[in-house]
Amino acid sequence: MGSMARLLPDSRSASASASWTSSLSSDLATAAATAATATSSSAMPLAAPFPGLGVPLSDADLRTTAYEVLVAASRATVGRPLIYIPQSAPSSASARSTSSTSTSTSSSSSSSGLQRSRTSTAASKVKRSLGLSPSASSKAGTEAPRRPETVMELVRVNLRVTEQADSRIRRGLLRIAAGQLGRRAESMILPLEFLQRSKASDFPDPHEYEAWQFRNLKLLEAGLLVHPLIPLSKSDIYAQTLREIISRAYDKSLKTEKNLESMQELSSAVKSLAGRSLGGISDECHWADGFPFNLHIYQMLVEACFDCENGTVVDEIDEVMGLLKKTWVILGINQMLHNLCFTWALFNHFATSDQVDMELLSAAENQLSVVVKDAKTTEDPDYCDILISILSSITGWTEKRLLAYHETFNASNIVSMQGIVAIGVSAAKILLEDISQKYPGKRKQKTDVVRGKIETYIRSSLRTAFAQRMDEADSKRSSRNPVPVLAILAKDISDLASKEKNIYSPILKKWHPLASGVAVTTLHSCFGNELKQFMVGRTKFTPDTAQVLNAADKLEKNLVNIAVEDFLDSDDGGKSLIRQMPPYEAENAISALVKGWMKERVDKLKEWVDQSLQQETWNPKANRQSFAPSSMEMLRMVDEILDAFFQLPISMHSTLISDLTAGLDGILQYYVSKAKACHGTESTATPQLPHLTRCDVGSKLFKKKEKPHALLNRGSQVGSSTGKSEGCDLSELCVQINTFHYIRTEVENLKKKAKKCLRNSELSQDGIGTTDGMNIKFELSQASCQDGIRQLCDATAHKVVFSYLSHVLLDMLYVGGAASNRVEPLLRELHSTLGVISGIMRNEPRDHLITALMKASFDGFLLVLLAGGPTRAFTLQDAQIIENDFRALRGLYLANGDGLPHELVDKASSEVKSVLPLLRTDTESLIQRFKQVITERQGSPTKSSFPKPPRVPAQWSANDPNTILRVLCYRYDEAATKFLKKTYKFPKKL
């Protein structure tokens with residue numbers, strides 16, 4: 001009877017909890033439905049930590065089995081009676097009295113954890129070790145909700161075992177104990193014992209009884225055939241027998257009377273299989289300690305540590321743990337396996353709590369640290385397999401969230417991220433470091449596991465976030481918002497980088513000091529790939545391209561700034577990450593596209609110049625200003641190009657303006673050069689001088705019967721031609737000079753405009769106008785205009801004097817004598833020419849041309865006096881006539897104060913003035929002066945002759961021997977003729 005008494009439960013406790021459990025059943029059903037709904041929507045549990053059983057056992061089957069093992073183990077290890085009182089017992093006064101007596105007896109003798117009151121629970125050691133705070137029910141003065149009054153009752157409720165099932169289990173154990181007094185639980189095969197001791201009458205429904213039979217048969221199949229502790233040989237007769245019995249039972253209900261042959265056959269096979277031992281003699285039965293069957297059962301038992309309503313760790317965790325330990329011998333569990341299962345359960349309950357119970361997360365993290373220590377102390381391959389299985393389940397859940405933490409975490413749940421990262425990297429570290437040390441072949445290379453994991457989380461999450469931002473950017477673009485997608489994306493990615501830096505990186509820096517740097521390099525790479533694809537085939541500048549490149553440049557600068565801040569704490573200055581950020585070179589790309597844009601317009605303008613100059617007529621009547629219409633149109637086009645340049649949506653105007661102005665400057669220079677070339681190069685050299693002769697004194701200079709046209713045809717032998725030469729007429733040349741002057745003036749205006757636009761551009765970008773215009777130059781075109789004006793003025797003046805007016809200058813002036821053909825015809829022609837010039841030209845260019853004409857006419861006047869040929873000869877008396885004529889020529893340009901300045905005219909006439917005195921000097925004095933000058937310059941003469949002076953002097957002057965010699969050649973005087981004949985043998989005629 002003593003052994004039987006140990007099986008009897010506390011009748012007081014059973015009766016006291018009867019009404020509570022009755023009301024609890026409906027509450028549990030409602031709570032379960034609510035939890036299921038919540039779990040399906042947001043709370044995702046971890047993946048199953050163990051391999052499947054291969055036997056169709058449900059979670060409910062395993063929970064019931066776990067509870068059976070727990071009650072059996074507790075019955076065998078505690079000295080407290082565990083009785084069975086059916087719910088149908090009469091509520092008579094005697095029954096109540098008996099129950100009361102039993103209750104009072106048990107109350108006075110009980111201090112066991114199995115029957116410990118929840119309200120007497122002291123501060124839990126397990127909770128303290130996990131970092132959990134005590135619950136409200138254990139705090140003084142706090143009224144707790146109505147709960148099971150014993151730990152075993154609490155376990156039953158948390159394992160969702162009904163009172164009817166509990167009664168049936170206890171009744172079965174009572175029968176087992178009655179037949180096997182003093183037998184330990186680990187020496188019993190519970191499924192077999194239950195099959196032998198239970199009856200169909202114990203169940204309210206035949207189908208329930210049949211299902212119960214099948215469950216126990218499936219337990220035997222799982223524990224002895226599919227997952228035995230000791231592997232079976234293929235020829236094991238007992239295994240074959242058990243399979244056949246179970247197969248027959250599925251087809252036909254099993255008769256479980258103990259004395260039946262079929263039951264004896266089943267019992268013999270089961271006991272033989274369960275009695276196999278690893279070594280030595282033992283009465284233990286191994287039916288529930290094979291992997292992973294034992295862990296599936298134990299994982300259900302661990303659920304007893306958590307409140308079935310809210311998933312929190314129960315206050316009685318210490319007592320529950322004590323109960324669980326009693327099952328270890330049956331299930332083949334030890335402390336390290338328990339630590340693994342409990343870690344998984346803690347984290348799984350956090351996961352199914354919508355990740356809001358931070359205490360569970362912290363407890364899981366603390367418990368995982370215990371697993372870390374365990375993993376370092378064992379090399380058991382079976383433990384390592386289980387460790388891998390459980391940690392893989394944990395890391396699978398954490399990585400699913402951490403690989404896309406931008407989707408997982410926000411302001412409402414960011415507090416959980418640190419704990420989840422801690423568990424994720426710790427689990428990964430165990431898997432990749434500790435286990436790989438035991439299995440070297442599984443580890444490819446030595447790396448920093450933690451940093452590697454964090455980098456993986458960052459890169460994966462940001463790539464996912466980047467892809468989402470791309471989709472969002474694409475949806476933002478519309479007709480109302482025509483901004484390019486990549487420009488929108490660049491702004492969004494900049495915001496994403498700031499969010500990463502401010503929210504996520506501070507958490508991740510605990511494990512990776514360069515978390516921000518890794519993040520921005522990832523974003524930089526993602527955007528860089530999109531930018532490369534965008535730029536493929538884009539060779540022309542467009543507003544969209546500019547917007548994208550400007551946005552990319554701004555984004556890159558933001559990312560680099562974040563990276564640089566992060567790299568300050570780096571050992572290598574972040575060089576390894578910087579190498580992962582090849583620059584976008586957006587500015588270079590913009591520069592190249594804009595330069596292409598410039599070149600395209602400059603080239604088109606050059607083509608236009610070529611076509612326009614071919615059609616240009618240089619007509620002075622084309623417009624009021626008398627310059628070429630093509631120049632006006634060209635400058636208008638240049639102005640438009642400048643306007644278009646400053647309207648380009650770029651921030652590099654100050655950098656690129658020099659390239660643009662250089663191109664435009666080259667076009668303006670090209671126009672000037674091309675315009676000059678249109679009419680050929682005009683020579684401004686002095687006409688070829690005739691050979692020197694001496695006068696034929698005593699003869700007539702020309703015959704009276706010769707007609708004027710004969711004089712013209714004979715000419716002066718100075719290299720002149722009659723009439724106009726080929727090429728432009730005077731008015732066209734004047735228009736050309738005007739045009740060059742107009743271009744030069746407008747170029748100055750272009751420079752001023754460009755500087756103003758550049759200042760405005762800088763002010764609009766950064767509010768500071770710093771340009772001084774040093775990059776805005778039109779030096780080539782301005783110099784070309786200046787040279788062109790000078791060259792054209794000189795060429796035009798020589799053309800007028802030595803070509804247009806040669807008939808009155810070279811062919812007529814002083815021919816046959818100074819008195820007969822004086823300067824008046826020349827003055828009339830020059831006056832007419834000045835009228836034409838003044839009618840076409842204004843101000844500065846007109847004065848330039850008139851000055852050049854004045855110098856050319858003075859040169860022509862001297863040429864007539866000193867190289868006029870044999871048709872000219874002068875006496876001393878002619879000197880006054882010539883001086884008067886030259887005075888009149890000077891007066892033409894002075895125009896009584898309305899012409900050129902006196903200083904300018906005096907300077908131009910200085911050469912003529914230095915020669916005129918020689919004409920009034922007598923012959924002997926001229927000869928003596930010539931001998932003196934030639935001796936000083938070229939040495940002493942020989943006995944027979946003097947050295948001949950240079951033919952063409954650099955400048956005519958009274959001190960030049962060539963000038964003096966020429967005056968003697970044209971002196972109508974016998975002494976001069978004799979001297980020239982004796983000294984140089986000059987002929988009288990050519």
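- No salt bridge links D610 with K606; every basic N to acidic carboxylate O contact stays at or beyond 4.0 Å.
- No side-chain N or O of Y804 forms a donor-acceptor pair with one of D729 less than 3.5 Å apart.
- Remark: the backbone N or O of Q669 is paired with a side-chain donor or acceptor of S673 at under 3.5 angstrom.
- Screening H848, R790, M841 against I737 for a side-chain contact (heavy atoms from CB on, under 4.5 Å) leaves a single residue, M841.
- For the pair K604 and E600, the salt-bridge criterion is met [side-chain N within less than 4.0 Å of a carboxylate O].
- Applying the salt bridge (charged side-chain N to carboxylate O under 4.0 Å, His left out) test to residues at least two apart or on different chains, the pairs with a partner in residues 841-856 are R744-E844.
- Annotation: K554, atom NZ; neighbour count of heavy atoms from other residues, nucleotides and ligands within 6.0 Å does not exceed 12.
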Side-chain donor/acceptor pairs under 3.5 Å, residues 588-599, sequence neighbours excluded:
{"from": "K599", "atom 1": "NZ", "to": "D603", "atom 2": "OD2", "distance (Å)": "2.7"}

Output, in order, the C-alpha distance, side-chain angles, deciding distance and verdict of side chain to side chain contact (heavy atoms under 4.5 Å, CB included) for M634 and L668. CA-CA 8 Å; M634 176 186 64; L668 296 173; 3.4 Å; yes
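- R601 has its side chain out of reach of L660: every pair of non-hydrogen atoms, C-beta onward, lies at least 4.5 Å apart.
- N550 places a side-chain N or O within donor-acceptor distance of the main-chain N or O of P649, the cut-off being under 3.5 Å.
- Residues passing the salt bridge (charged side-chain N to carboxylate O under 4.0 Å, His left out) test with E640 are R636, sequence neighbours excluded.
- In terms of modelled atom types and a separation under 3.5 Å, the side chain of S525 and the main chain of T521 share no donor-acceptor contact.
- The CG atom of L642 sits 5.5 Å away from atom CG of L664, with the distance rounded to the nearest 0.5 Å.
- Heavy atoms from other residues, nucleotides or ligands lying under 6.0 Å from NZ of K751 number more than 12.
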Side-chain donor/acceptor pairs under 3.5 Å, residues 888-897, sequence neighbours excluded:
{"from": "R890", "atom 1": "NE", "to": "S909", "atom 2": "OG", "distance (Å)": "3.2"}
{"from": "R890", "atom 1": "NH2", "to": "D906", "atom 2": "OD1", "distance (Å)": "2.4"}
{"from": "Y893", "atom 1": "OH", "to": "S857", "atom 2": "OG", "distance (Å)": "2.8"}

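- Close placement of the H406 and Y504 rings is indicated, their centers lying within 6.0 Å of each other.
- For the salt bridge (charged side-chain N to carboxylate O under 4.0 Å, His left out) condition, no pair includes a residue of residues 525-536, sequence neighbours left out.
- Qualifying ring-ring contact (aromatic ring centres under 6.0 Å, His included) partners for Y457, counting only residues two or more places apart in sequence or in other chains: none.
- Considering all non-hydrogen atoms of both residues, K501 and E565 come closest at NZ-OE1, 3.0 Å.
- Between F466 and F527, the two ring planes are perpendicular [angle over 60°; tilted spans 30° to 60°].
- Within 6.0 Å of CE on M535 lie more than 12 heavy atoms contributed by other residues, nucleotides or ligands.
- Of the possible polar contacts, none joining the S832 side chain to the R828 backbone as a donor-acceptor pair under 3.5 Å is found.
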